[in-house]
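Read through the structure below, which is laid out as structure tokens, and then see the notes.
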Amino acid sequence: METLHAALQPVYADVLRRNQGETEFHQAVFEVLSCLSPVVEKRPEYVDASIIERICEPERQIIFRVPWVDDSGEVQINRGFRVEFNSALGPYKGGLRFHPSVYLGIVKFLGFEQIFKNALTGMPIGGGKGGSDFDPKGRSDGEVMRFCQSFMTELYRHIGEYTDVPAGDIGVGGREIGYLFGQYKRITNRYEAGVLTGKGITWGGSHARTEATGYGTVFFVNEMLAARGDSFDGKRVVVSGSGNVAIYATEKVHQLGGTVVAASDSSGYVVDEAGVDVGLLREIKEVRRGRISEYADIKGSAVSFVSGGSIWDVPCSVALPCATENELPVDAAKALVGNGVQVVAEGANMPTTPDAVDLLTEAGVLFAPGKAANAGGVATSALEMQQNASRDSWTFEHTEQRLAEIMAGIHERCVMTAEEYGVPGDYVAGANISGFTQVADAMLALGVV
Ligand code: NAP
């Protein structure tokens, strides 16, 4: 708390008081506020208009019951959330997460991050996030469908292409978006494609949306390396997770000449020195919905599976945490530094703990925060909304090219803002200040609403 600017300490104390027990949300707010000292000095009008207090308070928080019937005929009850955090720049935009760990504090941390991430893309989208404590793992397609239909039966009244546009996140991929969109269409009797993103190509989706977050993270790192006269060529890379973000980050690293040597899920990790086989990973994770150990079972003795453990013990020069929050603690950062890591970039949201970020940056490791590095997913969602609004469908190549340009633009914005505010080379400050000032300027213009 003492490390915050004096004007920000009461704001943060209020956040703690009003949002008790929501530790992930506290962590996300503290991370942004700790970068805002130079902004408070340079732009006192934000303090005068209580912009920072207002940004920390969601515009609307919706919590609802989600009853559904499982395959054995039993009634199950889950809890649904949608936090509509900030609409200064456009309709609320952000994914839905289905995971047993979901509670209000997780949804608020993700929604808060989303405000600044979306601003950084330069596209007209506000910030929101939602989800449920429903666990899709081990559930049949029928159960997932009935859950999604019940979830949307409440959510539909709160969303719309000009209001709030959800997408996927952990546990919500193409299958879930399909069931959610189907129920929305049925209830409203409207083919309102722009109400959800991450849709299938034949029913209003965008090429490259599935790949966008992972590809975008790698494009961002490529910009960081290029700015230093370096590239992915020949680099040894570790990507954690084996879901949507991890799979496509791995694919793009390989396309750019690097080698991803490890992949994980919550049960452990595999090391494949020949380079992780993306086709096999997709087959295990997206088709069979299996476990990472199956990768080693199929590959045989050339691949080792480590149950539990830390994937960050595997030596690499680029580390891409692409699984979940706080998955890279300080001990993992020490191991990475000890093994000579050059770059850490967050494909996931808030995967690196604050003390680990400090350790990495003090050791001179280039560090890219998730707000900047994983913004390619939401940016391509905004491209999907553009295509829906104009009833158009772009090619994969065109959409990927737009994504690459957007990531280069975000990189440029981070670098320029960090220089402007006297913290050159600090991507965390650059991302937070750039995202924050764009939203704050819009809020000033819109008055006290
Ligand atoms: P996903 O497809 O559900 O995959 C998540 C992966 O992470 C799974 O392989 C999961 O393994 C693994 N995982 C979860 N907890 C773990 C742990 N403690 N240790 C190791 N692995 C763990 O989700 P996703 O869409 O890729 O999202 C991953 C991260 O990226 C999240 O932080 C999300 O918020 C962020 N993100 C996603 C998008 C997007 O467009 N999807 C955009 C921006 C940011 P299990 O199967 O064992 O749980």
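Both ligands and their constituent atoms are indexed starting at 1 by order of listing.
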For [X], take its heavy atoms, then give the atoms of ligand 1 lying under 4.0 Å from any of them.
X: Asn374; result: 43 (C), 44 (C)
X: Ala348; result: 29 (C), 30 (O), 32 (O), 35 (C)
X: Arg209; result: 40 (O)

Answer with side chain, backbone, both or neither: which part of [X] has a heavy atom less than 4.0 angstrom from an atom of ligand 1?
X: Cys322; value: backbone
X: Thr213; value: side chain
X: Arg97; value: side chain
X: Lys137; value: side chain

Check this for me - ligand 1, [X], N or O atoms closer than 3.5 angstrom, yes or no?
X: Ser267; value: no
X: Thr324; value: no
X: Gly171; value: yes
X: Arg291; value: yes
X: Val245; value: yes
X: His99; value: no

Salt bridge present between [X] and [Y] (N-O < 4.0 angstrom):
X: Glu176; Y: Arg97; result: no
X: Lys371; Y: Glu31; result: yes
X: Asp265; Y: Lys285; result: yes
X: Asp70; Y: Arg146; result: no
X: Arg236; Y: Glu273; result: yes
X: Glu143; Y: Arg175; result: no
X: Glu24; Y: Lys108; result: no
X: Glu57; Y: Arg54; result: no

Between Thr217 (side chain) and Ala373 (backbone), is there a donor-acceptor pair under 3.5 Å?
-> yes

Identify which one of Glu59, Gln114, Glu84 satisfies the side chain to side chain donor-acceptor pair (under 3.5 Å) criterion when paired with Tyr92.
-> Glu59

Can a donor-acceptor pair be found between the side chains of Lys252 and Asn222 at a distance below 3.5 Å?
->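 Result is no, nothing qualifies.
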
Shortest protein contact, [atom] (heavy atom only):
atom: atom 6 (C) of ligand 1; answer: Gly243 N, 3.9 Å
atom: atom 47 (O) of ligand 1; answer: Ser266 OG, 2.5 Å
atom: atom 20 (C) of ligand 1; answer: Asp265 O, 3.3 Å
atom: atom 27 (O) of ligand 1; answer: Ile170 CG1, 3.6 Å
atom: atom 35 (C) of ligand 1; answer: Asn349 ND2, 3.6 Å
atom: atom 33 (C) of ligand 1; answer: Asp169 OD1, 3.1 Å

The option among Gly131, Gly94, Gly268, Ala323 carrying the non-hydrogen atom nearest to atom 7 (O) of ligand 1 is Ala323

Just go through Leu281, Asn244, Ile311, Asp135 and tell me whose heavy atom is the nearest to atom 2 (O) of ligand 1.
->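 Minimum heavy-atom distance to atom 2 (O) of ligand 1 goes to Asn244.
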
Can you name the one residue among Phe134, Tyr179, Phe151 that meets ring pair (Phe, Tyr, Trp, His ring centres under 6.0 Å) with Trp68?
-> Phe134

Other residues, nucleotides, ligands: >12 heavy atoms within 6.0 Å of Lys299 NZ =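 Above 12, so yes.
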
